[in-house]
Each structure stands twice: as C-alpha cells, then as structure tokens.
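So that the names make sense, note that chain A is the first sequence line, chain B the second, and so on, each numbered from 1. All values derive from a computational prediction rather than experimental measurement.
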Protein chains: 2
Amino acid sequence: MKLTKNQQLVYEALKQAEMPQTAYNLLDGLRDEGLRAPPQIYRALDKLLELELVHRLESLNAFVACAHQHHNDGFSAFSICNDCGAVEEFNLPQVSEILSDWSSQKAFVAETTTIEVRGHCAKCART
Amino acid sequence: MKLTKNQQLVYEALKQAEMPQTAYNLLDGLRDEGLRAPPQIYRALDKLLELELVHRLESLNAFVACAHQHHNDGFSAFSICNDCGAVEEFNLPQVSEILSDWSSQKAFVAETTTIEVRGHCAKCART
DNA sequence: ACGAATTGTGTTATGTTATTACATATGCTA
DNA sequence: TAGCATATGTAATAACATAACACAATTCGT
C-alpha cells in the first residue's frame, strides 16, 4: 500500500466513475471525506499520473483511471464520444513505433504522448 | 478574402508568432488593434479552427497557425519541446490510417484527432 | 532511537483559461 | 427592403490550475 489517504480517495473515485472526471468534480465528490481545496486534488492527481495509475485527457481537462493494469510506456490512446462522453482507452503498438521512429529520426526525446480521437461512439452515431 | 477583421488580426498574429500563443497572449498583442475582451479572440479562433487555418494544442491551451497550406484531414501531429517551447507540425499518413482502421472497426465516427508528443527537441536535448 | 531530509497535508489567495448573456451592427439574399 | 444569419463589443462569471506558507507524517542514515 504505497498510496496516501488523499491519493487513494482520488484514485478510488476515478475508478468508480465510469466517466472522465474533472478535478473539481472529484473535489465535490470528496468533500465529505475531508477534501476541501483544489491543491489537495491536484497533488493527488499529480502523483497518480506519475505512477501511471491515471491518465489526463487534455482535450477535456479531465482524468480517468488507467484501464490497463500493466503500465504501458505512456502510449495510450483514447476515443472520446462528444455526445455521451464515453471514453475508451486503447493501445496501438504500431502507432507507438511510428512515433518513436519519427522522434529518433528528428533527435526528439519523447517523454509523453497524447493521442485523443474525438467523435461519436457507435451507440451515439447510430441514432 | 473570406476572413473578417478580427479573424484576420488573430490569424496574422498567429502566423507572425514563431511560438504557440494562448488566447490571452493574442489578446494582449491585439489590444492596440481594438480587441479588448476574450470572446473576441475565442470567436475568431473558433472560426479559424473550423477553417483549419489554425490548430489548437490541447496540452498547452495554445494555438498555432497551420504549417501546411493544403489542409490535411485534421490528422496533424505535433512535437512540443518542454524546454524551449518549439513546436513542429508533421503528418504521418500511416498513423492516420491505423487510427481510421481502429475507428471503423469500433464503429466510432472520428471527427478530430489530437496527437501531441512532448519531450525535448534536438537542440535542447543536446545540452 | 534520533535528527535531518523528504514527502504529504491543509488553507488562503490568486492566476489563467474559457464561456454566458445580452445589446448592437453588418452583410447577404429573397 | 425586410428578414435572417453572422459578426461584434462588453461586462460578468464560470471553470481550471497554481503559488505560497505553515505544519504533520514518513523515511532513512547513523
């Protein structure tokens, strides 16, 4: 058990949530547990991001618990439904590889890669 | 000439800038031209994004003029140097294709795709 | 077991990014 | 030229994120 109390609270809240949560969503949900101010949330999130237990969705300013336990070199991709908000995390090793190749060719040292595909999920597109 | 005055002002400011600009950067720079309030900037940006003359860098909350004149199905990728802030836009048709394949397999209707690789550019990594 | 160093916590205040709402103006088109 | 869609100007506010400071808990070397 390496997570502190606040980190656990935030992590559990994210795992429970079926949707991406903003920092302020999380704060609202955790007020009863004693969390009162944004820094308490952001600090926990920073740590969880560092441990790769959580991902940040840049185009949403929101966070999700990582779907795949075994951590994945920071190369996760996400599809995000603009209608219902559903998010799916997936991994495309080929894409990782192409981006790695591009980086080494450019002598760019990659640290984190964001891939977010926004549109309409199967369910919402059908209607 | 299809751009309105504000749209042109913002577009020119972005083309001139060698670095990504936030909405408030742009606002500061354009105050002398008569732009006073955020919505004036955001509205111009919305239009420019729609026309694909400009890209939004989600991980930076900033904007750049599109490097490639001929527009490119919304599949641009960007490398962003965390040290000097330099941004390079590039296109990897293979990646576009893999993501398209994934989408059609999942019946996900993609609208916009964000690919941002953050790290250290060749120049900054050397030091 | 002790003290130092690191990491985490709680809190207030503030900074930064983005939108809502409403009134007015401009330009196209039937 | 009336009507409609699009653009503008402005004030206020909402949403997202960090700085700074004091203090508590944990870890680690000796």
Residue whose closest nucleotide on DNA chain D lies nearer the 5' end, Gly34(B) versus Thr22(A): Gly34(B)

Euclidean distance, atom NZ of residue Lys47(A) to atom P of dT6(C) [Å, nearest integer]: 14 Å

Gln8(A) CD to dA25(D) P, straight-line distance once rounded to whole Å: 17 Å

Whole-Å distance separating the CG atom of Asp28(B) from the P atom of dT17(C): 10 Å

CD (Gln94(A)) with more than 12 external heavy atoms under 6.0 Å: no

Value in whole Å for how far the P atom of dA25(D) lies from CD of Gln7(A): 16 Å

Rounded distance (Å) that lies between atom C1' of dG8(C) and atom CD of Glu50(A): 13 Å

Sugar-phosphate only, base, or nothing, as touched by Ala37(A) at under 4.0 Å among non-hydrogen atoms: base

Below 4.0 Å: OP1/OP2 of dG9(D) and any side-chain N or O of Asn6(B): yes

Nucleotide of dT11(C), dC16(D), dG8(C) approaching Gln40(A) most closely (side-chain heavy atoms): dT11(C)

Protein-nucleotide distance (Leu60(A), atom CG; dT19(C), atom P), rounded to Å: 12 Å

dT18(D) base stacked by Tyr42(A) (centroids within less than 5.5 Å, tilt under 30°): no

Residue-phosphate contact under 4.0 Å: Thr4(B) side-chain N/O, dT8(D) OP1/OP2: yes

Contact under 4.0 Å: Asn61(A) side-chain N or O vs dA17(D) OP1/OP2: yes

Residue closer to the 5' end of DNA chain C, Arg43(B) versus Ala62(B) (nearest nucleotide): Ala62(B)

Spacing of Leu26(A) atom CG relative to dA15(D) atom C1', expressed in whole Å: 14 Å

From His120(B) atom NE2 to Phe108(A) atom CZ, the distance as rounded to the nearest 0.5 Å: 8.0 Å

Separation of dT6(D) P from Asp46(B) CG (nearest whole Å): 14 Å

Atom pair OG1 (Thr4(A)) and NZ (Lys47(A)), whose distance is rounded to the nearest 0.5 Å: 9.0 Å

Shortest side-chain distance from Lys5(B), nucleotide among dG9(D), dG10(C), dA18(C): dG9(D)

Per-pair stack call Tyr24(B) and dT16(C), 5.5 Å, 30°: no

Sugar-phosphate only, base, or nothing, as touched by Arg36(B) at under 4.0 Å among non-hydrogen atoms: sugar-phosphate

Among dT12(C), dG9(D), dT20(C), the one nearest Pro39(A) by side-chain distance: dT12(C)

Pair Glu58(A)-Thr114(A), side-chain donor/acceptor within less than 3.5 Å: no

Touch class at under 4.0 angstrom, heavy-atom based, for Arg56(B) against every strand present: sugar-phosphate

Between Ser76(A) and Glu89(A): side-chain donor-acceptor atoms closer than 3.5 Å: yes

Atom pair OG/CG of Ser96(B) and Asn91(B) - distance to nearest 0.5 Å: 6.0 Å

